[in-house]
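Treat the numbers as computed from the prediction; the structure is a model and nothing was measured. Below, each value reflects all heavy atoms present in this structure, side chains not excepted, and no hydrogens, waters or symmetry copies.
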Amino acid sequence: MAASTAAAPGCYDMPEGVDVRGRYDPAFASVLTRGALAVVAGLQREFRGAVRHAMEQRREAQRRYDACESPRFDPATRFVREGSWRCAPVPPAVADRTVEITGPAEPRKMVINALNSGAKVFMADFEDALSPTWENLMNGQVNLRDAVAGTITYRDAARGREYRLNDQTAKLFVRPRGWHLPEAHILIDGEPAIGCLVDFGLYFFHNHAAFRAGQGAGLGPFFYLPKMEHSREARIWNGVFERAEQTAGIERGSIRATVLVETLPAVFQMDEILYELRDHSMGLNCGRWDYIFSYVKTFRAHPDRLLPDRALVGMGQHFMRSYSHLLIRTCHRRGVHAMGGMAAQIPIKDDAAANEAALELVRKDKLREVRAGHDGTWAAHPGLIPAIREVFEGHLGGRPNQIGDAPAGQEQEPVTVTAEDLIQPPRGARTVDGLRLNARVGVQYLAAWLAGSGSVPLYNLMEDAATAEISRVQNWQWLRHGAALDAGGVEVRATPELLARVMEEEMARIQGEVGPERFRKGRYVEAGRIFSRQCTAPELDDFLTLDAYNLIVVHHPGGASPCKL
């Protein structure tokens, strides 16, 4: 890459057409180099047209669903679904993915703890578990660069403790943001950068030398790809990967990615998504919380598709079980990992009995997954890893995965999954208590997100944006269709007036739980207003975090343009 004139002190060194509006920091400048920004700009210029088209196709599909259509398998790609092709072989260094821990790429101590957790993989998140403030995003890039180099450390002055990497650590996977999210702190040709291309481009640019040196050693680069709805979006990612490999001079297929199947339309495109990424694929993952959110969003105009209380929408529901079975069958037929869903429980330190009961729920969930044929699963907290490893390793019998094998348990018969199985309405009660829980959790998560935290412990669970999205869209769905709710044996209708009363009472409850001082200093009132507005909006917004994003964007005073040379 060509040399350039140095930037003025205290300014980012920006190539033509790039304008960095985020706060200047020397550590951030070590990430936002001219070369790195040029790579991001090049990716944006090459792929922005395809991304715009894909986003318009999402909107067009939603218009069809709103007109009472349902997602379906595409007849035009039947040849892909029925073909005998397979994805590239799984790299031996990551054949064993029995337990993966997830968490945000910032704070730094959390990254070190996750890499040292005993999990096989750490998925460092720039998406749902990270509030995308400028500081979080840039610190996250610094953290991951140092993690790849093996030099990441952290000193906790209050505890007098130094954190550093163990000799053996989890393999590092990175999840960039979804295609729909912008990065408003960086303008390219006068428009906000595409968030995921910033996340991917900066990380890849600064670490590709280590990737090249580590070919065959399992260093990666490995990614998780979120929120896709169609194989055309996977095709864009494949193009991004090929361009990055060419630029870095590394072998084609070096970049590998696992796709989160976390939207209802994507479950009808799993073969097609793997096919588009077949030289770069390492499997699919059941992103089950976002999948429930997507079910509501897809069927927002269908009064016959009302969800019961979200606590009842688990993997026992027919449409969820069918989704898992089809994902496993699809992945194993194509020779890649079929990853299970998140265990969000966190240790209950002051109640041993409650903690053991929570661990038993985790064990049962993971036993169901491994018996069904999943090759690995997710955990939100290091405290869950021993129990999960015991379940998976005990049933795999020394094998790293179940690719090419019959499931290691009871469910060994072939499973046929139809389109109707995948959209069967879930069963269960709808209650005012469910409306209350959605409000209480949604507001507290959003308040934390606005304050810069995207991974939030609430009621003994580690929550990310997916929980807030389910809470928000379910309340909207119930109000939109006037759902009948059980209020302690009395039936009431979901109305804006009922929600207003519930919100007032739940805001008082939140204040009581967190304390008046924390409530006053936090962004709870602001979060309550946003959540209420979203739940009562005439049209359902696509994403809560997209609507709230501008509230956490802080441009450098006057922009960064005065620093341009």
Side-chain angles (χ1 to χ4, degrees), residues 86-103 105 111-125 143-152 165-176 200 203-204 206-225 237-238 241-242 244-245 248-260 274 277-285 331-332 334-340 370 374-379 382 385 388-389 392-393 396-405:
R86 288 172 70 84
C87 295
V90 172
V94 286
D96 186 350
R97 299 171 61 186
T98 44
V99 57
E100 301 184 344
I101 191 168
T102 73
V111 172
I112 299 171
N113 286 342
L115 288 166
N116 289 340
S117 66
K120 300 296 183 179
V121 167
F122 167 45
M123 188 205 76
D125 199 12
N143 293 340
L144 298 190
R145 180 197 62 197
D146 294 348
V148 171
T151 60
I152 186 171
L165 295 179
N166 296 337
D167 292 337
Q168 287 192 324
T169 61
K171 294 293 188 293
L172 179 62
F173 287 39
V174 174
R175 179 165 70 170
F200 170 85
Y203 175 72
F204 184 84
H206 287 290
N207 298 293
H208 70 71
F211 301 148
R212 181 188 290 182
Q215 291 290 301
L219 292 180
F222 303 128
F223 294 91
Y224 260 101
L225 305 179
W237 269 119
N238 195 68
F241 293 163
E242 290 182 343
E245 288 166 343
I250 62 176
E251 184 180 350
R252 187 173 185 271
S254 297
I255 298 173
R256 293 300 187 92
T258 302
V259 172
L260 287 127
L274 288 177
L277 286 163
R278 59 193 179 276
D279 292 329
H280 295 100
S281 179
M282 280 211 312
L284 303 174
N285 172 287
C331 288
H332 288 175
R334 307 307 179 187
V336 289
H337 287 91
M339 301 302 296
V370 73
H374 281 292
D375 301 295
T377 193
W378 275 14
I385 290 172
I388 294 174
R389 288 188 64 171
F392 265 84
E393 292 173 0
L396 290 178
R399 293 170 298 157
N401 56 61
Q402 302 190 77
I403 300 171
D405 299 330

Q. Does any non-hydrogen side-chain atom of Leu225 lie less than 4.5 Å from one of Leu277?
A. yes

Q.
Nearest 0.5 angstrom please: Ile101 CD1 to Met123 CE, how far?
A. 10.5 Å

**Q.** Side chain proximity check, Phe222 to Val121, heavy atoms < 4.5 angstrom
**A.** no

Q) Which is it for Trp378 and Asn285 under the side chain to side chain contact (heavy atoms under 4.5 Å, CB included) test, yes or no, and what are the steps along the way? A) CA-CA 9 Å; Trp378 275 14; Asn285 172 287; 3.3 Å; yes

Q. Minimum heavy-atom separation for Val99 to Ala119, with atom names?
A. O-CB, 3.6 Å

**Q.** Main-chain N/O of Gly253 paired with Glu245 side-chain donor or acceptor, under 3.5 Å
**A.** yes

Q.
Strictly distance-based, threshold 3.5 Å: is any side-chain N or O of Asn401 a donor or acceptor partner for the main-chain N or O of Asp375?
A. no

Q: Over all heavy atoms of both residues, which pair between Ala124 and Leu172 is shortest? Give the atoms and the distance, please.
A: CB-CD1, 3.9 Å

Q. Which distance, rounded to the nearest 0.5 Å, do you find between the NE2 of His332 and the CZ of Arg86?
A. 10.0 Å

Q. Judged by modelled atom types alone, do Arg334 and Ser281 share a side-chain donor-acceptor pair under 3.5 Å?
A. no

Q: Compare all side-chain heavy atoms of Phe122 with those of Ser117 and state whether any distance is below 4.5 angstrom.
A: no

Q. Do Met282 and Val336 touch side chain to side chain, with heavy atoms closer than 4.5 Å?
A. no

Q: Can you measure from CD1 (Ile112) to CG (Asn166) and round to the nearest 0.5 angstrom?
A: 10.0 Å

Q: Over 60° means perpendicular and under 30° means parallel, so classify the ring planes of Phe173 and Tyr224, tilted if in between.
A: tilted

(Q) How long is the straight-line distance from NZ of Lys171 back to CG of Asp96, given to the nearest 0.5 Å? (A) 9.5 Å

Q) Would you say Gln402's side chain and His374's backbone share a donor-acceptor pair under 3.5 angstrom? A) yes

Q) Rounded to the nearest 0.5 Å, what separation is found between the CD1 atom of Ile255 and the NE2 atom of His280? A) 5.5 Å

**Q.** CD1-CG distance between Ile152 and Asn143, expressed to the nearest 0.5 angstrom
**A.** 4.5 Å

Q: Report yes if the side chains of Lys120 and Arg389 come closer than 4.5 Å at any heavy-atom pair, otherwise no.
A: yes

Q. Just by modelled atom types, is the Val174 backbone N or O under 3.5 Å from a matching donor or acceptor in the Asp125 side chain?
A. no

Q) Can you find a heavy atom in the side chain of Arg97 that is under 4.5 Å from one in the side chain of Thr258? A) yes

Q | Heavy-atom closest pair, residues Leu165 and Ala147 | A | CD1-O, 4.1 Å

Q) So, do Arg175 and Leu260 sit near enough that their side-chain heavy atoms are less than 4.5 Å apart? A) yes

(Q) Just so I know, are the side chains of Val148 and Tyr203 near enough to count as touching, which here means a heavy-atom distance under 4.5 Å? (A) yes

Q: For the residue pair Phe223 and Phe200, categorise the inter-ring angle as parallel (less than 30°), tilted (30 to 60°) or perpendicular (more than 60°).
A: tilted

